[in-house]
Amino acid sequence: MENINEKLLKPYDAKETEDRIYKTWENSGFFNPDNLPDERKETYTIVIPPPNVTGSLHMGHALNATIQDILIRQKRMQGYKTLWIPGTDHAGIATQNVVEKKLKKEGLSRHDLGKEKFIEKVWEWKKEYGDIILGQLKKIGASCDWSRTKFTMDEEYAEAVKTAFLHYYEKGWIYQGDRVVNWCTRCQTSLSDLELEYEDEKGKLWYIKYPIKKLTAVSDRLSAAESRELKAESFIIVATTRPETMLGDSAVAVNPKDERYKELVGKTVILPIVGREIPIVADRMIELEFGTGAVKITPAHDMLDFEIGERNNLPVYKIINQYGKMTAEAGNGYEGLSVKDAREKVVTELEELGLIEKIEDYDHRVSKCYRCGRVIEPQISKQWFLKMDELAKKAKEAVQSGEVSFRPKRWEKVYFNWMDNIKDWCISRQIWWGHKIPLEGVDDVLDTWFSSALWPFATLGWPNEESSDLKEFFPTQTLSTARDIINLWVARMIFSSYEFMGQKPFSDIVIHPTILTKDGRRMSKSLGTGIDPIGLIEKYGADATRFGLIYQMMGGQDVHFNEDAILAGKKFANKLWNISRFVLQNTDGKIKDEKLSFPNGDLTEEDKEMLKKLEDTVISVNKDMGDYRFGHALHLIYDFVWHELADKYIEYSKQNKNERTDKILLYTLAKTLALLHPFMPFITEEIWDALPKEKNSSQENNNLLIIEKWPEA
RNA sequence: GGGCGCUUGGCUCAGUGGUAGAGCGUUCGCUUCACACGCGAAAGGUCACAGGUUCGAUCCCUGUAGCGCCCACCA
């Protein structure tokens with residue numbers, strides 16, 4: 001160990017210190033629970049939400065990594081056998097897309113390479129970016145057990161995915177069916193509802209007149225007046241935002257309660273342009289208020305229409321293909337046209353036929369692929385589904401009973417809302433990068449979330465029931481994640497865990513705030529509004545960056561990120577460094593190697609006040625951390641260090657310097673370092689190293705702050 | 001259509017049923033022997049608006065407005 005004065009005389013150099021301290025921790029082996037001292041029994045486990053291997057970490061990852069590290073470090077100091085499992089996600093469509101983009105720059109498509117070569121390329125990408133991500137987590141100070149790093153396409157992990165699929169399959173919960181799915185014509189795959197993004201667009205609402213078929217056969221026997229009336233043109237008017245889909249219509253639907261159309265239900269309509277005879281049907285799902293109350297039904301290209309089609313046994317005309325082009329079934333020279341061109345042609349023809357009643361401006365929401373942004377083209381296709389009713393039931397009960405709880409609690413509403421309206425999960429994807437569906441003759445891969453759903457136990461060795469990690473560390477305790485994947489991921493982990501493990505995957509779900517720009521906009525690379533956390537670490541240090549992130553995390557659902565907070569963190573680190581210099585320069589040589597015990601004897605009012613404030617802070621910080629209120633806890637520590645310890649007591653001690661104040665300063669500093677360690681691990685460890693303290697054992701490592709006893713209330 | 005969150009000094013945000021706080025910024029003064037990444041002092045807010053409960057509300061209740069987010073099969 002360096003001489004105390006020598007070390008602390010130098011100004012604090014975050015960069016040099018952080019790299020060196022991280023190596024010290026890694027060498028100590030304490031990130032791995034198996035190496036922790038004192039034969040710890042009770043475990044505390046966190047599985048990291050695996051970042052996608054699409055690129056580097058963003059601010060949300062940095063915040064989340066910090067939160068998890070705070071939890072793990074505190075629990076480690078509290079004597080738990082702590083395990084934080086790191087890893088990455090193969091992120092099917094997202095990763096396939098970034099690799100395709102990269103190929104495109106070289107003028108290649110994935111089809112040029114072929115499946116096998118392309119997947120090789122994706123693995124190369126994974127290797128590169130997976131390592132970058134793990135390296136970035138280390139920069140942040142994450143104390144993960146790197147020896148247990150997992151990837152969702154590891155060989156053993158693939159075995160878990162296969163086992164899970166076959167389990168469901170044998171139970172009869174996986175079935176194949178024709179369904180209208182959200183189809184991305186660029187990514188060439190189906191997407192779940194959760195994978196859509198919506199955008200308001202200015203569109204039009206076309207009112208189209210569909211001629212009602214005349215009863216020519218019976219008209220002979222009618223009176224002249226009756227005949228005249230029937231021969232007069234009569235129409236039913238439908239409103240639509242997508243006139244081109246009329247080519248695939250197989251009915252017109254109205255609400256059965258709609259008085260306006262009561263007489264027309266059961267009648268036949270001649271579909272313009274196509275000439276097909278289609279029925280007018282009644283269906284309760286039709287809104288009376290929308291448009292004219294009469295709606296055209298295109299079962300092949302609209303989800304609701306598909307359902308109505310099934311209820312009324314309507315035929316399905318597939319008029320748009322997987323690339324967004326019109327099919328032969330669209331007829332009359334439409335084949336091969338884009339949807340947009342087909343729309344123009346349909347409207348022109350209808351106008352010529354005098355069948356457009358009117359056109360209104362209409363703002364509506366279009367769904368887009370969340371990966372590439374292209375407008376979704378609903379398509380009928382064969383897909384694999386997982387039955388959700390029974391799975392959802394258990395998952396819902398787990399949260400209702402409090403066995404699994406959301407923090408803050410209000411987020412359970414988002415969860416329940418989804419569970420209460422659950423639909424079967426479309427688990428097949430028509431892409432190349434992912435887990436292949438383990439059935440003969442099927443080329444589809446599984447939805448990425450199918451594998452992520454197994455994360456808490458597949459990372460611990462499942463399906464190998466004999467895995468010692470699985471026995472020892474499952475179920476885990478805390479899951480920290482972002483609110484936008486509560487249903488996409490969290491809900492699916494919960495039901496998967498009850499299904500395969502027969503118990504909950506974790507107890508607490510911590511939903512952290514979303515990091516927005518200072519003016520409340522979404523951070524995004526494409527908008528140029530993103531901030532790179534690693535850049536901040538280079539500039540201010542990891543401790544300062546962690547401080548700044550947590551300092552702003554005060555319980556709202558968003559954080560308007562302000563870099564000033566990181567600067568404040570850097571200044572705070574500097575303040576702490578100087579406080580330590582003062583304390584140690586004063587006490588060096590006099591209290592060396594003496595135990596840092598609670599100061600006894602005659603205390604002045606100032607001494608008592610100082611120790612009382614310290615105790616109050618310890619109590620409040622413990623309470624806040626138990627409630628996952630890290631921002632608040634950090635504010636308390638900050639205020640204590642700066643305004644009590646430095647502003648008051650250090651100033652007091654300058655006027656009243658003696659052995660007693662020295663002891664109190666040293667005692668207070670030691671407690672403070674321990675309390676602050678989970679938040680700012682590097683600088684606290686560095687200063688701790690310089691403290692005169694009783695050796696715990698002959699082993700150097702056992703004096704690290706990382707395993708020091710946590711200041712309990 | 002349902003649900004959620006937010007509205008406090010220039011900016012980003014804490015906070016309490018009883019005369020408003022922090023960080024950053026601003027102004028003034030300090031090279032005081034831990035720290036100029038600092039110290040001392042100062043300016044700056046009718047705590048969105050309107051009612052209600054209360055001896056008393058920024059904090060509790062109701063309503064209104066604005067901002068943001070989530071969910072849902074208005075074609």
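Just so we're on the same page: letters track the sequence lines, and every chain starts at 1.
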Distance, C1' atom - from B:G63 to B:C71, rounded to whole angstrom: 25 Å
Side-chain donor-acceptor pair present, A:Asp249, A:Tyr317, cut-off under 3.5 Å: no
Short side-chain N/O contact from A:Tyr362 to OP1 or OP2 of B:A75, under 4.0 Å: yes
Does a sphere of radius 6.0 Å around NZ in A:Lys387 hold more than 12 heavy atoms from other residues, nucleotides or ligands, not counting ones at 6.0 Å or beyond? no
What interatomic distance, in whole Å, is found between C1' of B:C73 and the corresponding atom of B:G66? 31 Å
Taking the C1' atom in each of B:G29 and B:G10, what is the distance between them to the nearest angstrom? 23 Å
Nearest to side-chain heavy atoms of A:Lys413, which nucleotide of B:C71, B:G3, B:G23: B:G3
note: A:Trp411, atom CH2; B:C70, atom C1'; distance rounded to Å ~ 7 Å
Using purine N1 to pyrimidine N3 plus N6-O4 or O6-N4 for Watson-Crick, or N1-O2 and O6-N3 for G-U wobble, each under 3.5 Å, what pairs with B:C4? B:G68
Just call it for A:Asp302: base, sugar-phosphate, or nothing, with non-hydrogen atoms closer than 4.0 Å on any strand. nothing
Across the strands shown, which category fits A:Phe561 at heavy-atom distances under 4.0 angstrom: base, sugar-phosphate, nothing? nothing
Could you tell me whether the side chains of A:Glu606 and A:Tyr649 share a donor-acceptor contact shorter than 3.5 Å? no
If the P atom of B:G21 is compared with that of B:U62, how far apart are they to the nearest Å? 29 Å
Considering Watson-Crick and G-U wobble pairs with both distances under 3.5 Å, what does B:C11 pair with? B:G23
Could you tell me the Watson-Crick or G-U partner of B:G17, where both distances fall under 3.5 Å? Say none if there is no partner. none
Euclidean distance for C1', B:G2 against B:U58 (whole angstrom): 31 Å
Using the side-chain heavy atoms of A:Val414, tell me which of these nucleotides is nearest: B:C35, B:G23, B:C70. B:C70
What contact category does A:Ala253 fall into here, base, sugar-phosphate, or nothing, at under 4.0 angstrom with non-hydrogen atoms? nothing
If the threshold is 4.0 Å, N to carboxylate O, is there a salt bridge linking A:Asp258 and A:Arg260? yes
Considering every strand and a 4.0 Å limit on heavy-atom distances, what is the contact class for A:Glu651: base, sugar-phosphate, or nothing? base
Is there a side-chain polar atom (N or O) of A:Trp642 under 4.0 Å from OP1 or OP2 of B:A34? no
Can we call the ring centroids of A:Phe547 and A:Tyr638 under 6.0 Å apart? yes
